[in-house]
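Numbering of ligands and ligand atoms starts at 1, following listing order. The first residue in the sequence is number 1, and the count goes up from there.
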Amino acid sequence: MVLFPREKPTGVSSIDILITGASWLLTMDSKRRILKDGAVAIQGNRIVDVGKTPDLLPKYPNPKETIDARGRLVMPGLVNGHFHSTQQLARGLADNVFAPTWIHDRAYPYEAACTSDDVYLASLCSCLEAIKTGTTCFADPGGYHMDRAAQAVEETGIRAVLSRSMVDIHTAGRPIPGKMREDTRAALDGGEEFVSRYHGAAGGRIRAWFSLRTERMVSDDLCLRTKELAGKYKTGVESHNSSVYDSVLRHKEIHHGLRPVERYYKIGLLGPNVLLYHMNWLTDAEVDMLQETDTKITHCPTAAFMGGYGTLQSKHVDMLHRGITVCLGSDNGLESNFNDMFKVMYCATAHRDYRQDATLLPPEQLLEMTVTNGYRACLWDDECGTLEPGKKADLIILETSGPEWIPIHNPVSNLVHAADGHSVRTSVIDGKVVMKEGRILTVDEDEILARAQTAALDIARRSGLEVFGQPKWPVV
Ligand SMILES: [Zn+2]
């Protein structure tokens, strides 16, 4: 689906950034070419040339900035296909609890206690963690005060799909906080107001979607009106779905015995602009429905590992084999607890162990899930996800001289199996250097982290969650 026509670069004589000497340059183009001694030329927010350094140097003699990538690997940035930016300050408040407790007794009270300023700080911190570990784009199912999350995205320089949560059923499981209760009309108005205001904001780095937050908590009416609005604004719809077995059972109780994907299919919600999160408990018939409608999926293995969701018995591997777009996501700071997509990629290899099949999910496929499929799931693959002329300049530069990198035979294997996000030294997003040699250039990282620590303790006290974050061992 092409939502935004690509602008072709014209008449490039001088450029803004020239990256030279990359020991390894992963283009991730249709041939998956890897260039030795690679170079990238950037003008404005677009890549204008990619090739060998000796070929590009004479073509662009006076770049405004040159980045020396000798001894380094250059590649497209990673996509976190499911990332609650606003939950970052709840890290450590929901360890070792089952999903219903997690959502009703930890996540919702945390969100209800967050002020607008708390959401801003949490979002800044989550963007920092993402950028510092190589993520250049994320999809966020939203919460409330999302105008402040948009502000954090704008200021840090990252790319994001953002949305405002919508729910209109308040009895699915235990009650949700009063602050989060809305009827169908209010939920739609809130969602539409956010999309009309933020779709295309931050110079096009923000795309605003609609979020049917949790499958069992949204009525058929809300789903169908949301689908209409997504068509009107030419944007996407995201929704948590079939994360744990308990949520499927509760959905069936509320929605006339239908399973979550079955209901979404029956009412006509599914489609190429719909992104569903988790998807751990599906029938073969539901997989058929997803394939038929080209619905996109985010697999969140590390969130499942924390919460015991049962993701290794899922059908994600089968869905990939059937050509369904499955990307990867970390989820959030209190379920998964980290947002380093290199670690998420590695953890997805657990499917090999569960199925006792070492050939599953080779590193090239895991990287494609995190880059190619990630941008496709975000409906941004027409503009991002490869290092090619005309594409948006979103790329990362990794140091490859450390002991975890040596020896390098196949750099893609090292990326997934041996390295982690700390190898990322420099990040360029939308043509702007947002991190250079590990230092964030767009915002004051030290000040943000110091303020966030104080704010997080205060939120924990106000929400009554403080007790759950205490050390289990005596502190003397
Ligand atoms: Zn989530």
Q.
For Ser336 and Asp331, which I'm curious about, is there any donor-acceptor pair between the side chains at under 3.5 Å?
A. no
Q. What is the ring orientation for His351 with His299, classed by angle as parallel under 30°, tilted 30 to 60°, or perpendicular over 60°?
A. tilted
Q. Ring centroid separation for Trp281 and Tyr245, is it under 6.0 angstrom?
A. yes
Q.
Under 6.0 Å between ring centres: does that hold for Tyr277 and His240?
A. yes
Q) Which pairs pass ring pair (Phe, Tyr, Trp, His ring centres under 6.0 Å) with one or both residues in residues 120-154, sequence neighbours excluded? A) Phe83-Phe138
(Q) I want to verify a count. Protein N, O or S atoms less than 2.8 Å away from the Zn ion (ligand 1), how many are there? (A) 4
Q: Establish, from distance only, whether the side-chain atoms of Asp357 and Thr359 form a donor-acceptor pair under 3.5 Å.
A: yes
